[in-house]
Amino acid sequence: MSELAESNNHIVQSLDGEKKKKKRKRKKSKNANIPVVEDKLEDPEPLAQNKKTKFDNVNVKAEEEFVEPSVVTNTPLKEDTTAEAKLENQKVSPKPKNQKRPRSINKERKDTKNVSYFTDDEDEDVNQEIGPTDWKSLQNRADKLLEIRKTLPVYKSKDKHMEHLIKNKVTVLIGETGSGKSTQIPQFLIPHNKKAIAVTQPRRVAAINLATRVAEEYGSKIGDKVGYSVRFDNKSHKNTKLKYLTDGMLLRELMMKSDLSQYSTIIIDEAHERTILTDLLMGFLKELLLKRQEDKDFKIIIMSATLDAEKFSHFFNDCEILYVEGKMYPVERFYLDTKSEDIIDTTINTVIQINQGEEEGDVLVFLAGQEEIDKACSALQMFSPLLPKEAPIIVPLPLYAALPPAQQMKVFQPVKKNQRKIILATNIAETSLTVPGVRYVIDSGLRKVKVWRHQLGLSTLLTVPISQASATQRSGRAGRERNGKAFRLFTESDYHNLPKQTEPEIIRTDIAHSILMLKKLKVKDIVNWSWIEHPGQDSLFSALNQLYSLKALDDNGDITELGEQMAVLPVSPHLSTVLINAHKLNCLGPVIDIIACLNVENLILNPPSDKRDEINEKRRQICTLGNKYGDLLMFKELLDYFIAINSTGDKKKWCKEFYFNFRGFKNVLQIRDQLTQYMKSLFGADIENNDDDNDYFAPSDDEDLINESEMKSSKRSNNKPLGIESILKSFLQGFVMNSAIGYPDRSYRTVFSGQLISIHPSSLLFGKKCEGIMYTEFVYTTKGYARNVSMIDPEWLKEIAPHILGNREAINDN
DNA sequence: GAGCACTGC
């Protein structure tokens, strides 16, 4: 994301915050809570001070992280190890000896974790359109902005760059953070393009913010000459000259109109992030170059922030590379002299040292996951009152995606003058969110990553070291507003042993969906396609196999009619199989509901530990079907409840009571509508609106699974009973490979590999004995856990999967 | 009797 985009991001966000504040004021601020741990403080036993921080014994090296803005180079950022600096040996005081970390910390963490969920009002759709709308004031505003634009590095080299860009069909443009490349270059290009310009972004917010900013600069109303297009939100029309869109959106346009002839220039921004969709787009663009060879106006620009330019250039037939300098303040880097034994202790010590030894400025800490963040957060809260009075008061703030938006917003709100924000974040703060005011970065050097094991057909969640590029990016977060410092919680030699670049996503994820897209786009030879990064034979064959068993591909590996339909649907191939089968089995309505829920992350939140049993029990009570048939039916029941509640206020209250995510449910409704539309377009007029009285609730032929009282309970919002068996069978069509047979000792073994698995404790079926189960997700952490589990009748497998099920013994075995 | 990083259509 470019500097401007991000600063605009702040503007929008803080405006958003202002609106919220006002709204809250109007409501007489019913929520004056700040999650603090109070009780246990008389007997503090401050932790972390027992161990010496590795910085204590100094010998810490500092280096200049960033090249001076005036230096433009095509070699990797130089590491100037000559500039050695000593980190002042800050004494932490009071410093009791031999004190162990109190055992209560873990408990405390749980208790404070969700304290302020739902306390802030979650606004209804906030209209982000800001500023004037009449032509004259638009123009005035644009004129003012022009003065600022002229100070951007990229503006100064405008003519030189434009000459290259116009002359060449493909250009790789490297721009450091703050160069303004994402906002300026597309604008410069407008007069030189007969048709529209597309600029892709990996993230929705980035696309929206960039478009909003550029529209202002251009003196256009958003959605007119400058617009954007992201899922559920399109502010563009056929005369839009410059369109920012997510890379997923452009791929979708590619699938609908395969030569993208509506655009004369296509810009791929943030290419260095190497998301799976960006990589696919680059592959297609390379093919498009051949297809549109005669089209003199057609141009491609690849924009990237780091210096992996050669790879992109080489991929596009050694095209020219342009460099734009950035606007970045220097950041001093510090390393440990010995490895950290306990990353949380080291983190806390470092925070304290910064707090007592460094000038004002907030601290951003990068940790691997929620667990570490919550631990560190409550530890900091716990002895923050014990710190010397002269030092600023620390305000620890967690930041991760699973946190409700209201709580995430807290990192953007200013604190009092004598306070210092300590933001403890996951990777979300590396690219997705920019926190203003950060001057110090503490980097654990770790991140969590989901890795797909195609040999095993399952994913694992691992904590792994970051790359050098990632470390640079994290450190850079300290130098956005003025000089900063980055404290790396690893040694300098560790740093040099890190991989240079983060592994592209396509290497480590399940690519079945991508392969289906390629097939839909008529790619014959998948193995020799124009991959910028080849995912590897094994991964390809695993994906082809999956698609074959879902009947999306035929014996020749060609896409089937079913496959064509699946490719259009905006869900995984497994789930599109389910959708299409649900249509056949006449239970599409409830299946769409369930799939919409499955596609929203963090719909069901974890209650704090002291309320866990109580909340779980309450949830069980309202999910009678879920209790019996499993988590898929639970989603249907919950959504019915949510819809049936009349007022928004009551919906929110209900969500709060059960620890559900209100915004999540709203998102579910959007996805539900979209899926209904797609199914309508695929299968014609017989698909009715998903909203109310529809026909999908007709019972299937054999409903022996369901007794009368359940029939009654499932009628809640409809006149006809749910076809539970049909629903479950539809899902089984997509997830046959994820089925397991129950054994008398309550263990489960998968039908196809015989592997021992467990039902995740978050499932309603946890601890229950079922003859057979299926699940939509499997993650290996401490052991193999199935999530989103539903019961099945093992007999169904014979009916549904004879083509995969070689022998029946596997089933009859138990 | 556990605990999942981040995106996207």
Side-chain angles (χ1 to χ4, degrees), chain A residues 106 109-110 113-114 200-207 229-234 245-256 270 273-281 366-375 399-403 425-433 444 446-451 459-464 466 470 502 505 508-509 513-514 516-517 566-573 575-576 596 599-602 604-609 612-613 616 667 670-671 674-675 677-678 746 758-763 766-768 777-787:
Chain A
N106 280 330
R109 164 174 71 87
K110 298 278 183 191
K113 186 163 154 187
N114 295 326
T200 71
Q201 293 292 322
R203 281 170 295 280
R204 290 166 51 95
V205 269
S229 171
V230 300
R231 191 185 192 182
F232 304 132
D233 195 2
N234 179 17
L245 28 61
T246 45
D247 40 25
M249 259 314 194
L250 190 64
L251 270 171
R252 195 147 277 274
E253 291 187 0
L254 194 69
M255 282 211 288
M256 302 303 166
E270 311 285 14
E273 287 192 27
R274 304 300 305 276
T275 69
I276 205 161
L277 298 178
T278 306
D279 273 16
L280 288 177
L281 267 182
F366 284 99
L367 292 167
Q370 186 173 332
E371 195 186 343
E372 294 89 336
I373 288 173
D374 289 337
K375 258 189 204 169
L399 181 64
Y400 43 81
L403 221 51
T426 59
N427 242 358
I428 195 171
E430 194 178 305
T431 47
S432 306
L433 279 176
S444 67
L446 299 169
R447 66 175 179 136
K448 278 198 175 173
V449 64
K450 201 172 187 171
V451 180
S459 47
T460 50
L461 199 71
L462 306 170
T463 300
V464 298
I466 58 172
S470 182
T502 308
E505 193 187 359
R508 38 163 253 262
T509 40
H513 199 176
S514 309
L516 185 58
M517 278 165 87
M566 287 166 63
V568 173
L569 294 165
V571 291
S572 73
L575 287 173
S576 40
N599 273 279
V600 173
E601 291 293 312
N602 306 311
I604 295 173
L605 301 162
N606 297 340
S609 59
R612 194 182 63 189
D613 292 345
N616 280 345
N667 201 5
Q670 281 188 305
I671 296 174
Q674 195 189 40
L675 291 178
Q677 288 307 317
Y678 272 115
R746 288 192 179 182
S758 308
I759 295 179
H760 195 275
S762 65
S763 167
F766 177 75
K768 296 204 169 156
E777 220 185 311
F778 184 86
V779 174
Y780 197 92
T781 50
T782 47
K783 52 179 171 175
Y785 284 106
R787 303 187 77 227

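All chains are named by letter (A, B, ...) in the order of the sequence lines, taking the proteins before the strands, and each is independently numbered beginning at 1.
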Mind calculating the distance between [atom1] ([X]) and [atom2] ([N]) to the nearest angstrom?
X        : N     : atom1 : atom2 : result
A:Glu601 : B:dG8 : CD    : P     : 12 Å
A:Glu371 : B:dA5 : CD    : P     : 9 Å
A:Glu273 : B:dA5 : CD    : P     : 19 Å
A:His513 : B:dT7 : NE2   : C1'   : 14 Å
A:Arg231 : B:dG8 : CZ    : C1'   : 8 Å
A:Ile604 : B:dG3 : CD1   : C1'   : 15 Å
A:Asp247 : B:dG8 : CG    : C1'   : 7 Å
A:Leu675 : B:dC9 : CG    : C1'   : 10 Å

Give a yes or no answer on whether the side chain of [X] reaches the backbone of [Y] with a donor-acceptor pair at less than 3.5 Å.
X        : Y        : answer
A:Ser459 : A:Phe778 : yes
A:Arg274 : A:Thr502 : no
A:Ser229 : A:Asn234 : no

Worksheet item: For A:Thr200, what residues pass the side-chain contact (heavy atoms from CB on, under 4.5 Å) criterion, not counting sequence neighbours?
Response: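 Expected list: A:Leu245, A:Asp247, A:Leu250, A:Ile268, A:Leu281.
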Please tell me if [X] has a side-chain N or O lying less than 4.0 Å from either OP1 or OP2 of [N].
X        : N     : answer
A:Thr275 : B:dG8 : no
A:Thr463 : B:dA5 : no
A:Gln674 : B:dC9 : no
A:Ser432 : B:dT7 : yes

Among the nucleotides [options], which one has an atom lying closest to any side-chain atom of [X]?
X        : options             : answer
A:Glu777 : B:dC6, B:dA2, B:dC4 : B:dC4
A:Arg787 : B:dC4, B:dG8, B:dC6 : B:dC4
A:Ala401 : B:dG3, B:dG8, B:dC6 : B:dC6
A:Lys448 : B:dC6, B:dC9, B:dC4 : B:dC4
A:Ile428 : B:dC4, B:dC6, B:dC9 : B:dC6
A:Leu461 : B:dG1, B:dC4, B:dA5 : B:dC4

Practice prompt. Indicate, with a heavy-atom threshold strictly under 4.0 Å, whether A:Phe232 touches base, sugar-phosphate, or nothing.
Written response: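 If one applies the 4.0 Å heavy-atom cut-off, A:Phe232 turns out to touch nothing in the nucleic acid.
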Worksheet item: How would you label the contact of A:Val779 with the nucleic acid (heavy atoms, under 4.0 Å): base, sugar-phosphate, or nothing?
Response: base
Worksheet, complete the sentence: The answer to which of A:Val230 and A:Ser762 contacts DNA chain B further toward the 5' end, by nearest nucleotide, is A:Ser762
Worksheet item: Want to settle it: does A:Arg204 or A:Arg508 sit nearer the 5' end of DNA chain B, counting the closest nucleotide to each?
Response: A:Arg508
Worksheet item: Under the salt bridge (Lys or Arg N to Asp or Glu O under 4.0 Å) test, which residues partner A:Lys768, sequence neighbours left out?
Response: none
Worksheet item: Which atom pair, heavy atoms only, marks the closest approach of A:Ser576 to A:Leu569?
Response: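 That would be CB-CD1, 3.5 Å.
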